[in-house]
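Within every chain, numbering begins at 1; the chains are lettered A, B, ... in the order of the sequence lines, protein sequences first and strands thereafter.
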Amino acid sequence: MTQFIIFIGWTGILMIEGFCIATLIARITDFKQRLALALPCAALSNVLILFLNTVIHVPLKPAVLLLEHTLVVITIFFAQKNVRLILVQPCKESTTMNTKIVRSFCRTILLISLLFSFSHAVLLPSYQIDSFTNWTMRSKISFYDHSIAFDTDESRGMAKPQYPILVHSLQIIVNEGNREWNDHSANAILWLLTLSSFTALFLLLQRLRGTDVSLLAVTLLISTPLLGFHLAVQYGDIHLVTMLLLSLAALLLWLEEKNMSWLSLSALFVTASVWTKSEGLIVGLLPWLCLIALLCRTSNKITVVSWHLAILSLSFLWPLFLIIRGLGLTPHETDFHIAFHPEGFLQALSGLFAAGSFGVTWFCLACAMLLLTILAYRKDPRVDQTMLLTSLWGLAALVIVLFTYLFTPNVAFLLSGQSYYRPLMIPVSMLILSCFASWKLDLHKYK
Amino acid sequence: MKSILLPFSFFAVLLFAIPCKAENVRIRPVLALSSDQSSILASYKEYSEGSVQGAGSKLRISYHSSSPLNGYIAILEGTTYNPANLYHFLLPADAGGTATIDLTALTTWNGSAHSYYLNFLSDADDTDAEFSQMQFLQTTAGDLIGASLQHLMQVEPYWISSAHFLRGYTILGIPFSILLELLTLIVIGIILLRKGTRALAPVLCILIASTFLYALRFDVDLLVYTERHLNEWWRKHTYGEARDLYSVSDALKNDIALHPETSASVNVCFDSTDYYAKLVRYFLYPIPVSITGKQEDKMTHVLVTRKTQWSYDGTILHCGEINQRAKRIQTFNDGSALFSLPSS
């Protein structure tokens, strides 16, 4: 019971903190949106606090962390009090038989995913092998050490200190105050983060394209087999995906509403992605910067970047920290031996179109993108060309993943099935989002 | 040391289908990796393996054996088989009869001629098992339709590797996703030919519907996992491939708590994947758990799990490189055994 109270207490603090951050950064009035964005925002502030403690050698103890979080909450609370919020009238939507059918269907799929993820992530104990090494194991070791663990020899169970610590930090904070590590608390907070992230994504998309398109998009994302499976798996991959999706959704809203606050939120989440997994730097931050450069008018580019420099600079803290500690940026030393590996080509293709990780998603996505691109080229009014441009982010992520597994020794992981499929969750989800954003669908027209 | 003799005699029979009813025992193989095979592999005394080649939906085996035989079957790809596609069945003891193995249970089966790998294991010290005949029974249209439905409804295995990739579904050896993609391509091709790019919405709807169709199939498996895993956890405190290891971890903690004055150190003795050892290490931390399987100083406990060759004579435990006086604390349904070592 005590552990449950501690979990609720810390979750409450994180929610308040994140709510204030969302209000300060995004400047939105919608209570539901800020509430949904709270935990994803707090995940970043929490990891920065634990990182600061690591750098200045302050032990991770409950009283210390409570004090630090309280100070952050107070500071942000007073900072956001004077923020002028932007009121946007919600779009009025009517429902037809088509929309009712779509919504019922989507809710059924989402309910099944919710049942599966909740049962496996919260009710059942940790099960996946990487939880016992790089993820929850490291969190547990760090909890007992009262500092982030940087083991390299796996004698205690972890060996990849290069992994960024956003996920670990959340697991650690909800256990602070417990005498012993609580496995369920550690997994439950991550499940809540996933739930919040997808809820926030739905609400942001709803603002952009209405309830039905938003519901379709989120349902399609969650029902992508491997992604849906990972809702119950406490690896960093799903959280990297959700951070990038939130960043992209905020970017889309910036393009639509021309409100700089959304771009700030996008910058915040792309920064969070770098703190979630090292891939966040390569498939997150760098393509994001390139996309901003492409989308902004020349005169605005410098203004936009400098405006967000403070947020974006937080992305480089962890890589710099690793370099200073002499740890290297990746646990795989051979990542930089570049040569084409033809033996992986068929497997890579099969992984996209024939195997079970993505079902028919990649095929349908490719068809949709081709069609939308042709129509955008013809300046068809049913396709938003600017929104479609954001698909360059997902395409860049796809190219990077394919390059990594076909042109470096990581092909071994592709052939053994250990990796390749998980990183592919990033481009597939981002491209789905870009497609839905660029398609001006009106279900009410089809009766 | 188990003798590797070949006491069985069986031979491949290419069939010319004999249209007759299957009699005696009908057996439907199940995916070997869907259950723990370690107890079978630990207990067999003799085995025989070979291959048969032919086309048919069933394999009728005429044999006699005074003790049951564990059988394994897989479709050969060249000269090897994919362990993920190995199937298990049990041949009951029979003084002289036939068993009909349903080959359509193999998800890579498709009615055409295949080479099948067969392996039989016997727990008897001196088995009298003999196979007199093996013949394939002709595939019918009903077999093909039935197999297609069965293959589509085969549950995606919930393996440790599932977080890395999902196998997906195959129908008569063809990936279901490929079939669905072809169907989708035909439908949207027809729509585009008739209406051109005016049909953007219908085409995109077809693509979404196709994606959801596959998702619906997978969601059925998610429901199956939810029911199955919650059920086994609440009733038996087991979970997937980890089985009893959660109970093992609890038993270890309880035993260690009985001797707080001793600085505990656990060693795990196992074969193959270190998944099980790492699970125990996680749940026991900060109690140190070594997964080397070697004799180490200051060990207080040894856990034997997923180990095919080890022994305990009531005093001395022999497991891997560990040869030490030990006292058995508890054994578990999944074959794991927990030992405490006397303090030196």
| request: Check each of T136(A), D183(A), T133(A) against Y282(B) using the side-chain hydrogen bond (donor to acceptor under 3.5 Å, both in side chains) test, and report the only one that passes. | output: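 Between Y282(B) and the candidates, side-chain hydrogen bond (donor to acceptor under 3.5 Å, both in side chains) is satisfied uniquely by D183(A).
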Determine yes or no for a side-chain-to-main-chain donor-acceptor pair under 3.5 angstrom, with [X] supplying the side chain and [Y] the backbone.
X: Y421(A); Y: A163(B); value: no
X: S177(B); Y: A354(A); value: yes
X: S357(A); Y: L166(B); value: yes

Pairs of heavy atoms under 4.5 Å with chain B: top-ranked of [options]:
options: I109(A), V233(A), I222(A); result: I109(A)
options: A355(A), S350(A), S113(A), P125(A); result: P125(A)
options: A232(A), S131(A), S155(A), S126(A); result: S126(A)
options: L371(A), L372(A), V383(A); result: L371(A)

What distance separates [X] [atom1] from [Y] [atom2], expressed to the nearest 0.5 Å?
X: I129(A); Y: T273(B); atom1: CD1; atom2: OG1; value: 5.0 Å
X: L204(B); Y: L216(A); atom1: CG; atom2: CG; value: 11.0 Å
X: D219(B); Y: T108(A); atom1: CG; atom2: OG1; value: 9.5 Å
X: L207(B); Y: L220(A); atom1: CG; atom2: CG; value: 10.0 Å
X: S223(A); Y: R217(B); atom1: OG; atom2: CZ; value: 14.5 Å
X: E180(A); Y: Y285(B); atom1: CD; atom2: OH; value: 13.5 Å

| task | Output yes when E154(A) and R281(B) qualify as a salt bridge under the 4.0 Å nitrogen-oxygen rule, no when they do not. | result |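 Between R281(B) and E154(A) there is a salt bridge, with a charged N closer than 4.0 Å to a carboxylate O.
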Please flag which part of [X] lies under 4.5 Å from any non-hydrogen atom of chain A: side chain, backbone, both or neither.
X: Y158(B); result: both
X: I206(B); result: neither
X: S210(B); result: both
X: T170(B); result: neither
X: V220(B); result: neither
X: F283(B); result: both

Can you confirm whether [X] is buried at [atom1], in the sense that more than 12 heavy atoms of other residues, nucleotides or ligands lie under 6.0 Å from that atom?
X: Y377(A); atom1: OH; value: no
X: K294(B); atom1: NZ; value: no
X: D250(B); atom1: CG; value: yes

Using non-hydrogen atoms and a 4.5 Å limit, figure out which bit of [X] sits close to chain B: side chain, backbone, both or neither.
X: R378(A); value: side chain
X: D130(A); value: side chain
X: Y235(A); value: side chain

Considering all heavy atoms, the nearest [X]-[Y] contact:
X: T226(B); Y: L115(A); result: CG2-O, 4.1 Å
X: R382(A); Y: L200(B); result: NH1-CB, 3.5 Å
X: L124(A); Y: H229(B); result: CD1-CB, 3.7 Å
X: E241(B); Y: Y127(A); result: N-OH, 2.9 Å
X: C205(B); Y: W439(A); result: SG-CH2, 4.4 Å
X: E181(B); Y: F353(A); result: OE2-O, 2.8 Å

| said: For a side chain to side chain contact (heavy atoms under 4.5 Å, CB included) check, start with the C-alpha distance between F212(B) and T219(A), then their side-chain angles and the critical distance, and finish with the verdict. | reply: CA-CA 9 Å; F212(B) 277 143; T219(A) 307; 3.6 Å; yes
| query | Going by heavy atoms in the side chains, are F105(A) and L216(B) under 4.5 Å from each other? | reply |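 A side-chain contact under 4.5 Å exists here.
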| field | Side-chain heavy atoms of H120(A) within contact of L230(B), under 4.5 Å | value |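 Of all side-chain heavy-atom pairs linking L230(B) with H120(A), none is under 4.5 Å.
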| request: Hey, can you tell me if F229(A) and F218(B) have their rings parallel, tilted or perpendicular (30° and 60° cut-offs)? | output: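 Tilted, since the angle between the ring planes falls between 30° and 60°.
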| message | Is the ring pair Y225(B)/F116(A) parallel, tilted or perpendicular, if the boundaries are 30 and 60 degrees? | response |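 Rings of Y225(B) and F116(A): tilted, as their planes differ by 30° to 60°.
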| message | If you apply the rule side chain to side chain contact (heavy atoms under 4.5 Å, CB included), what do you find for Q128(A) with Y275(B), and how did you get there? | response | CA-CA 9 Å; Q128(A) 307 294 342; Y275(B) 164 76; over 6 Å; no
| Highest number of heavy-atom pairs under 4.5 Å with chain A: which of P286(B), G168(B), S290(B)? |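 Going by pairs under 4.5 Å, I would pick P286(B).
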| query | Pick from I291(B), L185(B), T184(B), L245(B): which one has the most heavy-atom pairs with chain A under 4.5 Å? | reply |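 Result: the option with the highest number of such pairs is L185(B).
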| query | I208(B) and C364(A): side chain to side chain contact (heavy atoms under 4.5 Å, CB included), yes or no, with the steps? | reply | CA-CA 7 Å; I208(B) 292 171; C364(A) 293; over 6 Å; no
| task | May I have the step-by-step check of side chain to side chain contact (heavy atoms under 4.5 Å, CB included) for L226(A) and F165(B), ending in yes or no? | result | CA-CA 7 Å; L226(A) 192 62; F165(B) 75 94; 5.7 Å; no
